Amino acid sequence: MAPDKIVPPHGSRRAGLLLAFLLGVAGCSSAPPPPPRLSPPLPDAPLDLTQFTTKPCDLMTRQQLVTFFVTSQGTASSATGKTACTWIPHDTKALTYIASVDTTSGGLEALYHHRAAVPGFAPVFVHSYPGVHRDDHDGHCTVETGVAEDTLLNVTVTATDPKLDAYSDPCYEADRFAGIMVAYQANRAP
């Protein structure tokens, strides 16, 4: 006589199928890996410049500004929801330095993701922090430096007199100005 065939109760079979289905779905629903990073990595010491989003004129000391022939405090102004500071050297009205801190655009990585739409996009390093030159043409250059994952230090130099060195190489001057700010803030960091 053959042993009686053991048939699991109908509910157990359904529970087993449900368990197999859930395990299959769980295996397929793992999060996709993050996209590869496009921008260069930041140094191990990110700079917290959030306090300067509303007070960018405090990014440099008067002694540092004198090296750029700026003897008066900068002028803060707001446009498109951001505050920027403008400095004009005492020896010419044909040169301006403008700086701001951006904590809302997504940082350097977001800038790299939109690089096709950035005029004059050119990677650069400012005092070991990665950045990008943009809008580079005679007498005008902006450098956006990634100082933290979500923070950019923006410096624009505009020279209207072709006799000025900054007119022929505005990005050099923008990098130099931004570099002083980055070095100063890096030395102040705890």
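On a predicted model such as this, the values are computed, not experimentally measured, just so you know.
Proximity of F125 to P40: side-chain heavy atoms (C-beta onward) are separated by under 4.5 Å at one or more points. Between D135 and P119 the shortest side-chain heavy-atom distance falls below 4.5 Å. For the pair V182 and L47, the minimum side-chain heavy-atom distance is below 4.5 Å. Between L42 and P130 there is a side-chain heavy-atom pair separated by less than 4.5 Å. With a 4.5 Å cut-off on side-chain heavy atoms, T145 and V155 do not count as touching.
Here T83 pairs with S78 under the side chain to side chain donor-acceptor pair (under 3.5 Å) rule; sequence neighbours left out. With sequence neighbours excluded, the residues satisfying side chain to side chain donor-acceptor pair (under 3.5 Å) with T61 are Q63, Q64. Take A159 and apply the side-chain contact (heavy atoms from CB on, under 4.5 Å) test, not counting sequence neighbours, and it matches L95, L164, A166, Y167. In this structure, H127 has no ring-ring contact (aromatic ring centres under 6.0 Å, His included) partners at least two apart in sequence or on a different chain. Evaluation of the ring-ring contact (aromatic ring centres under 6.0 Å, His included) rule for Y97 yields F68, F177 as partners, not counting sequence neighbours. Partners of T156 according to the side chain to side chain donor-acceptor pair (under 3.5 Å) rule, which considers only residues two or more places apart in sequence or in another chain, are T142. Looking at residues two or more places apart in sequence or on another chain, you find a salt bridge (charged side-chain N to carboxylate O under 4.0 Å, His left out) between R37 and E149.
Y172 belongs to no multi-residue hydrophobic cluster, having no ILVMFWY side-chain contact under 4.5 Å with any other such residue. Grouping Ile, Leu, Val, Met, Phe, Trp and Tyr residues whose side-chain heavy atoms lie under 4.5 Å apart, directly or via other members, leaves F69 alone, with no other cluster members.
Both V132 and L152 belong to a common hydrophobic cluster when Ile, Leu, Val, Met, Phe, Trp and Tyr are linked at side-chain heavy-atom distances under 4.5 angstrom.
Applying the salt bridge (charged side-chain N to carboxylate O under 4.0 Å, His left out) test to pairs two or more places apart or on separate chains, those with a residue in residues 155-175 are E173-R176. For residues 44-53, the set of pairs meeting the salt bridge (charged side-chain N to carboxylate O under 4.0 Å, His left out) definition, not counting sequence neighbours, is empty.
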Check: residues 105-115 side-chain donor-acceptor pairs under 3.5 Å, at least two apart:
unit_1	atom_1	unit_2	atom_2	d
S105	OG	D102	OD2	2.7
E109	OE1	L38	N	3.3
E109	OE1	S39	N	2.9
E109	OE1	S39	OG	2.6
E109	OE2	L38	N	3.0
E109	OE2	H113	NE2	3.1
H114	ND1	A110	O	2.7
R115	NH1	Y112	O	2.6

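When all heavy atoms of A84 and P56 are compared, the closest pair comes out as C-CG, 3.7 Å.
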